[in-house]
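Both ligands and their constituent atoms are indexed starting at 1 by order of listing.
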Amino acid sequence: MVRLHVNVDHIATVREARRDRFPDPIEWALAAERAGALGITCHLREDRRHIQDADLAALRERITTKLNLELSLAPEMIEIARHSGAEAFCLVPENRAEVTTEGGLDVLAERGRLHEIIPRLAQGGAEVSLFIDPDPAQIEASAEVGAAFVELHTGRYANLSGTDRAAELERLRAGAELSHALGLRVNAGHGLDYDNVAPTALLPHVEELNIGFAIVARSLFVGVERAVENMHELIQTARP
Ligand code: PXP
């Protein structure tokens, strides 16, 4: 079964638009869990534009599924992560000017730092994942630095159409196969929505899909429970 992990960042984005106390990403995460989310993901960004440190602590205290923390390689973030109690960490590139994470982590360029960071994050038994493009060189480097998982970046697939999208899906498929052959476990995510999710649920060896924006956006119309249930159903129908 492919597990749906729901990213709650953009509930915090709405709250931070007014620097208010609501909507509360923790209450929304609890509703997502009741509707079938098997994990909750959040990204504590260096600029704290959405999730705040207090949200991370409250999520850890209150959610009952797996907490997956996305973070950059900055020393401050690694220290926070080590004391966060999250069961999973996903290392992502971060650029202050971007609207959302663009491109995957350059594992080849960051090999030195990752060799040191991954064992520190994994010390308490947490799973460490690297968010990468489905590029063979990045996958090989991810295995070499000792990551347990890769999260394959589906953003390009999501933004393309027609034969270009089919070609990117094939790149993701080959990337998932290569990752598995090298002993890496495989997750995927970014830019997935109700129309494009099904083929990604069929990627070989994929264990978890991380989906945020599309679910948050739909929840404005139908409520969080139905938005999560609909996505969960699409994934389970594609790959029971
Ligand atoms: N996976 C990673 C590593 C991400 O950085 C994000 C965005 O925060 C997602 C998945 C979810 O992307 P989206 O919000 O487009 O579903």
Side-chain angles (χ1 to χ4, degrees), residues 2-14 16 25 28-29 32 37-51 55-56 59 66-74 77 81 86 88-96 98-107 110 121 127-134 138 142 147-160 168 172 175-176 179 184-201 203 206-220 224 227-228 230-232 234-235:
V2 177
R3 297 189 297 274
L4 170 61
H5 279 210
V6 177
N7 182 313
V8 301
D9 292 349
H10 295 304
I11 298 299
T13 301
V14 175
E16 294 305 308
W28 197 92
L38 292 175
I40 298 295
T41 297
C42 70
H43 183 175
L44 185 70
R45 294 187 73 104
E46 291 167 42
D47 63 10
R48 307 299 198 274
R49 70 172 71 158
H50 39 53
I51 294 292
D55 295 324
L56 179 60
L59 282 169
K66 187 165 149 186
L67 178 61
N68 174 33
L69 173 62
E70 293 174 1
L71 69 154
S72 75
L73 274 55
M77 306 317 296
F89 300 114
C90 182
L91 292 164
V92 300
E94 207 172 289
N95 159 9
R96 277 172 196 253
E98 70 196 356
V99 173
T100 181
T101 314
E102 291 165 357
L105 193 64
D106 188 348
V107 181
E110 295 288 1
L121 287 178
E127 294 164 346
V128 181
S129 171
L130 304 178
F131 182 54
I132 58 167
D133 292 318
Q138 297 294 347
S142 300
F149 279 87
V150 285
E151 179 173 328
L152 297 179
H153 193 329
T154 51
R156 228 175 98 75
Y157 156 81
N159 288 331
L160 292 170
E168 184 63 15
L172 286 162
S179 303
L184 291 159
R185 294 170 70 187
V186 183
N187 296 329
H190 209 287
L192 298 180
D193 62 29
Y194 295 84
D195 296 323
N196 66 23
V197 71
T200 66
L203 288 169
V206 164
E207 298 186 31
E208 292 168 7
L209 292 178
N210 275 294
I211 309 180
F213 187 69
I215 298 176
V216 168
R218 182 167 290 200
S219 76
L220 295 173
V224 52
V228 172
N230 289 168
M231 187 60 86
H232 184 68
L234 285 171
I235 294 169

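If you check the side chains of Asn68 and Thr41, you find a donor sitting under 3.5 Å from an acceptor.
Set against the non-hydrogen atoms of Ile211, the atoms of ligand 1 under 4.0 Å away are 16 (O). Under a 4.0 Å criterion applied to the non-hydrogen atoms of Val92, ligand 1 contributes the atoms 3 (C). Near Phe213, the atoms of ligand 1 lying under 4.0 angstrom from a non-hydrogen atom of the residue are 13 (P), 14 (O), 16 (O). Every atom of ligand 1 with a heavy atom of Asn7 under 4.0 Å away is listed here by number and element: 8 (O). For ligand 1, the atoms lying closer than 4.0 Å to a non-hydrogen atom of Asp9 are 8 (O).
Between Arg185 and Glu207, the shortest heavy-atom distance links the atoms NH2-OE1, 2.8 Å. Between Glu94 and Leu44, the shortest heavy-atom contact is OE1-O, 4.3 Å. Closest of all the heavy-atom pairs between Ser142 and Ile132 is OG-CD1, 3.7 Å. Taking both residues in full, the closest heavy atoms of Leu56 and Cys42 are given as CD1-SG, 4.0 Å, listed atom of the first, atom of the second, then distance.
From the protein, the heavy atom lying nearest to atom 16 (O) of ligand 1 is Gly212 N, 2.8 Å. Looking only at heavy atoms of the protein, atom 2 (C) of ligand 1 is closest to Glu70 OE2, 3.0 Å. Among protein heavy atoms, the minimum distance from atom 11 (C) of ligand 1 is reached at Asn210 O, 3.9 Å.
At a 4.0 Å heavy-atom cut-off, ligand 1 does not touch His153 at all.
Residues Ile215 and Asn230 form no side-chain contact, since every pair of their non-hydrogen atoms from C-beta on lies 4.5 Å or further apart.
Nearest-residue assignment for atom 1 (N) of ligand 1 (options Glu151, Glu208, His190; heavy-atom criterion): Glu151.
Using bins of under 30°, 30° to 60° and over 60° for the plane-to-plane angle, the ring pair His190/His153 lands in the tilted bin.
Residue Tyr194 places its OH atom among more than 12 non-hydrogen atoms of other residues, nucleotides or ligands, all under 6.0 Å distant.
An N or O contact shorter than 3.5 Å links Gly191 to ligand 1 by distance.
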